[in-house]
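Below you'll find the structure, written out as structure tokens, and then a few comments.
Order of the sequence lines sets the chain letters (A, B, ...), proteins ahead of strands, with each chain counted from 1.
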Amino acid sequence: MNAAYETVETVARTSYGRLVAYLASRSGDVAGAEDALSEALYKALIHWPSQGIPTRPEAWLLQTARNHAMDEARKRKVRQEAMPALWQAAQEAQTAMEQDLFPDDRLKLLFVCAHPAIDPAVRTPLLLQTVLGFDAARIASAFLVAPAAMGQRLVRAKTKIREAGIAFAAPEPDELPARLEAVLEAIYAVYGQGWEDIADTASADTREQGFTDEAFWLARLLVQLLPDEPEAQGLLALLLYCESRRAARRSPSGDFVPLSRQDSALWSRPKIEEAERLLAQASSHRKLGRFQLEAAIQSAHTLRGLTGKTNWAAVAALYEGLVQIAPTLGGFVGQAAAVAEWRGPEAGLALLHDLAPGAVKSYQPFWAVKAHLLRLLNRTDEANHAFDLAIGLTEDSAVRQYLLAQR
Amino acid sequence: MQYVMLNYEKTETFAARTNDQQEAYWGAWTAYIAALNEAGIMVGGQGLQPPTVATTVRLADGKRHVQDGPYADTKEQLAGFFILELPSLDDAMQWAARCPAASDGVVEIRPVLVMSPP
């Protein structure tokens, strides 16, 4: 896929998302809006690369969708008015576009996708499908779910949105922080897909780059739509810090390079500088949150590029703050690793020991950190067992090879 | 629920069992099997000798046909299998993704056919 095609795809998905958001927020029917527009998106992806992007992409998609629906209606001898709410919304959309008053309702759609009534496991897939127009099969692969099952989960979620009458509205101020966090988490999960998949650089194709770009696009959209929310800025800063290290994560021959051994000269300065600016802006709101802390941890790691060494005491303190407001397994394991660097392997192991055995049993990063610390302490048998689990639980062949060499 | 995990490998991967890659090959499998055991989901399983030593038998119109080599002439060949006790297909997929064969071969997951008592 070339750059021109990617531009077409971005415009097509952006317009598609805006239209789905517009139609769904007025009809309350996400699935209906998608059905109406999916054929048009498909046609856009075929025709735009050769014919060029139309001046009004949304108008093109809507007109194509309506033509298609009319053809279908004729074929099945039913009248188009069979879907009144949706087509009335489409009519309004057309009018709004003609007057250049077409509103951006994607924020509402994001809040619907990450609504508390929607199963957390399906929020990110739902967002990828409704806001960005990804098909169920591609989402299923990314989330390691059978395509048929993913399709069913998405259908069920959309039925729930319609039948439970989930409101297409930005949340009230008092519930905004909690609702926003769910949206941010869903976007962070989109980035996670791009991050994990691209781990295999040898087989990296544009499909994986796609998730990374979409996550950035969504994060930037949120910053733009919610300029007073420091957590949105925190998320964007976090993504930028992570992304700044892309070129340093693998050696030229494709070997895994852990953060502590990365050549900081390969880190992207412009991305780091943008992240630093965002984080400073976010902190001026004096409203600390999970994503600002996660970004601050990455900022502390980034300082090694300037000072030559990592301030582990600072990293450990930031992790301590993080697990207090967001007690996730990843946070606790990160804290243990930082404390081990700061105060020695025993201190790190003690923190790992406090974690519930059931929760960490199949959690790869736990075993990777534990193996490393046990090896430092020359506790050979325990270290070997931990290495086995760290190797056996990873999906990433570069990480597998790295750990096999460490073992 | 029991799932069978069928692991398919390429010719080069079969070769890695005995050439200079063998340490990495066996290291990855030993670790993966340790992780399956630690998770308490292993019901059974076996590795298989390479397809070059396979033999196929079929009867067509009452006549015996015996051939050297594996049944399916595909790039990836069956290299081994596990039977795993797991709560759902989602879990099975997760373990399939961690399987060394998934990295440069293919892993197929099938639920076991449960026969109802007569």
Checking [X] against chain B: side chain, backbone, both or neither under 4.5 Å from a heavy atom?
{"X": "Q364(A)", "result": "neither"}
{"X": "T394(A)", "result": "backbone"}
{"X": "L393(A)", "result": "both"}

Assess the side chains of Q77(B) and Y71(B): does a donor N or O sit below 3.5 Å from an acceptor N or O?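 Absent: no donor and acceptor within the cut-off.
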Looking only at side chains, do Q406(A) and H372(A) share a donor and an acceptor under 3.5 Å apart?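 The criterion, which ignores hydrogens and geometry beyond distance, is not satisfied for H372(A) and Q406(A).
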Looking at N384(A), L144(A), V145(A), which one has more heavy-atom pairs under 4.5 Å with chain B than the rest?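 Answer, by heavy-atom pair count under 4.5 Å with chain B: L144(A).
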Could you tell me which of A97(B), A96(B), A92(B), A102(B) has the largest number of non-hydrogen atom pairs under 4.5 Å with chain A?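 Most heavy-atom pairs within the cutoff with chain A belong to A97(B).
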Options E23(B), Q94(B), E38(B), ranked by heavy-atom pairs under 4.5 Å with chain A, top entry: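 It is E38(B).
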Examine whether an atom of A28(B) lies under 4.5 Å from a heavy atom of chain A, and if so say whether it belongs to the side chain, the backbone or both; otherwise answer neither.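 Its backbone and side chain both get close to chain A.
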Count the heavy atoms of every other residue, nucleotide or ligand shown that sit under 6.0 Å from CG of D68(B), and state whether that count exceeds 12.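 Count not over threshold, so no.
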Check the pair F82(B) / Y3(B) against ring pair (Phe, Tyr, Trp, His ring centres under 6.0 Å), numbers first and verdict last. CA-CA 8 Å; F82(B) 295 111; Y3(B) 292 87; over 10 Å; no
Out of I161(A), I139(A), D119(A), V112(A), which one pairs with L126(A) under the side chain to side chain contact (heavy atoms under 4.5 Å, CB included) rule?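 So the option named by the test is I161(A).
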Give every residue pair that meets the ring-ring contact (aromatic ring centres under 6.0 Å, His included) criterion with at least one member in residues 92-118 of chain B, sequence neighbours excluded.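 For residues 92-118 of chain B, and leaving out neighbouring residues, there are no ring-ring contact (aromatic ring centres under 6.0 Å, His included) pairs at all.
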